[in-house]
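The structure under discussion appears below in the form of structure tokens.
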Protein chains: 2
Amino acid sequence: MALLSKSCVYGIRAAILMAIKGNEEFISIKDIAKDLNLSAHFLTKILQQLTQEGLLLSHRGPKGGVKFSREPKLIKLIEIVAAIDGLELFEECALGLHGCGTATPCPLHEKWSEHKLVLRRLFETESLEKLADNVQEAGLRLRTLSQLDILEFNKNKRL
Amino acid sequence: MALLSKSCVYGIRAAILMAIKGNEEFISIKDIAKDLNLSAHFLTKILQQLTQEGLLLSHRGPKGGVKFSREPKLIKLIEIVAAIDGLELFEECALGLHGCGTATPCPLHEKWSEHKLVLRRLFETESLEKLADNVQEAGLRLRTLSQLDILEFNKNKRL
DNA sequence: AGTATTAAAGACTCTTTTATCCTAAATTAA
DNA sequence: TTAATTTAGGATAAAAGAGTCTTTAATACT
């Protein structure tokens with residue numbers, strides 16, 4: 001099991017890339033998909049969810065694409081997660097017990113509910129702009145690396 | 001997305017129940033399944049994985065069942081998780097980027113790798129015996145609650 | 001020896017997630 | 001108005017996860 005679904009991490013990667021490109025004009029989903037090496041159709045579906053949640057504005061036709069409805073500075077990672085995976089991760093019992101809570105806790109309840117808060121705080125704290133800055137300043141990555149990419153990286157120390 | 005797969009939480013619940021029952025004799029999987037309100041066949045598959053990993057001993061035939069290969073005191077939660085879900089959760093990049101690491105980090109790498117350690121520690125710290133004690137001392141729960149169960153609980157403050 | 005019991009193992013089904021493909025609708029620009 | 005571009009949306013397919021069912025193998029007890 002991973003922490004986040006694939007759809008969710010694709011959505012996050014796309015959002016960070018969009019934040020890097022600024023939020024002046026609409027950015028075509030096809031271009032984002034090409035940059036991230038993802039299926040454009042699939043990414044379209046994922047970003048549609050962000051549009052429906054009001055996180056993105058979309059525009060059809062030539063010069064169309066998507067852009068954030070607010071400054072990326074103000075958008076926190078948890079908003080992307082909430083729109084795609086939901087907040088279950090930050091709210092549910094680790095043992096999946098429905099009635100788990102202070103009144104009727106599971107044996108992990110106390111430890112896990114403490115931990116959930118920390119995890120949630122992490123996602124609430126990171127803004128897209130900050131993550132975008134990380135990427136640019138430190139030359140961080142958004143794409144998975146193929147063997148070829150790794151060779152390339154070793155030469156240029158950058159992707 | 002949940003933190004752990006259903007198989008994994010079923011395995012954990014079963015293991016805690018087994019720890020509560022002590023580790024003297026083989027316990028029949030059917031009985032465990034009945035107690036936890038799970039499908040016996042499905043639980044058999046899950047516990048098979050724990051047997052194959054050497055966490056459990058199994059025995060066929062009358063008076064057969066499963067028991068821990070070591071004292072439940074010595075078995076940590078993370079061993080169950082490792083056997084069923086694997087350690088991916090505690091080792092992988094939050095954005096699912098394969099080459100992510102100190103050399104070629106993703107924008108979340110630093111924060112998440114710090115956090116992964118804390119999460120891992122949580123699962124490494126909790127022993128089955130301790131969780132079993134929690135359940136017994138505080139009257140905690142291992143089953144999901146039906147509406148009927150909740151009424152029952154409100155009467156007796158215990159399940 | 002025979003029978004009942006129990007885990008192991010495999011076939012199979014159902015659901016969800018992931019992914020692809022095609023068509024429709026909106027929009028721009030010539 | 002026509003053509004090109006781009007998101008929206010639905011149909012479909014493939015893969016993984018969740019769950020059921022049947023058969024087989026081992027074992028204990030009579």
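Below, chains carry the letters A, B, ... as their sequence lines are ordered, and counting in each starts from 1. Keep in mind that the numbers below use all heavy atoms, side chains included, and drop hydrogens, waters and symmetry copies.
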Nearest-Å distance for atom pair [atom1]/[atom2], residues [X] and [N]:
X: Tyr10(A); N: dT18(C); atom1: OH; atom2: P; value: 8 Å
X: Glu25(B); N: dT27(D); atom1: CD; atom2: P; value: 18 Å
X: Met18(A); N: dT7(D); atom1: CE; atom2: P; value: 10 Å
X: Lys63(A); N: dT5(D); atom1: NZ; atom2: C1'; value: 12 Å
X: Phe26(A); N: dT6(D); atom1: CZ; atom2: P; value: 13 Å
X: Phe42(B); N: dG19(D); atom1: CZ; atom2: C1'; value: 6 Å
X: Lys45(A); N: dA19(C); atom1: NZ; atom2: C1'; value: 9 Å
X: Lys67(B); N: dA7(C); atom1: NZ; atom2: P; value: 14 Å

Any carboxylate oxygen within less than 4.0 angstrom of a Lys/Arg side-chain nitrogen, looking at [X] and [Y]?
X: Arg120(A); Y: Glu91(A); value: yes
X: Lys67(A); Y: Glu24(A); value: no
X: Arg70(A); Y: Glu79(A); value: yes

Q. Is there a donor on the side chain of His41(B) or the base of dT22(D) sitting less than 3.5 Å from an acceptor on the other?
A.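 In this structure, the two groups form a donor-acceptor pair.
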Answer yes or no: does a side-chain N or O of [X] lie under 4.0 Å from OP1 or OP2 of [N]?
X: Ser7(A); N: dT18(C); result: yes
X: Thr51(A); N: dT7(D); result: no
X: Gln48(B); N: dA7(C); result: no
X: His59(B); N: dA28(D); result: yes

Q: Between Met1(A) and Lys30(A), name the one whose nearest nucleotide on DNA chain D is closer to the 5' end.
A: Lys30(A)
Q.
At 4.0 Å (heavy atoms only), tell me whether Leu47(B) reaches a base, stays on the sugar-phosphate, or touches nothing.
A. nothing
Q: With heavy atoms under 4.0 Å as the rule, sort Gln49(B) into base, sugar-phosphate or nothing.
A: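 No contact.
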Q. Which word best sums up how the rings of His59(A) and Phe26(A) line up, parallel for under 30°, tilted for 30 to 60°, or perpendicular for over 60°?
A.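 Correct class here is parallel.
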Q: Among dT18(C), dA18(D), dT5(D), find the nucleotide with the atom closest to the side chain of Lys6(B).
A: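 Closest nucleotide to the Lys6(B) side chain: dA18(D).
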Q | Residue Pro62(A), side-chain heavy atoms: nucleotide from dA26(D), dT27(C), dT20(D) that is nearest | A |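 From the listed options, dT27(C) comes nearest.
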Q. How long is the gap from CH2 on Trp112(A) to CD on Glu92(A), to the nearest 0.5 Å?
A. 11.0 Å
**Q.** Residue whose nearest DNA chain C nucleotide is more 5′ - Gly61(A) or Cys8(A)
**A.** Cys8(A)
Q. If you pin Ser58(B) and Ser5(A) to their nearest nucleotides in DNA chain C, which one's is more 5'?
A. Ser58(B)
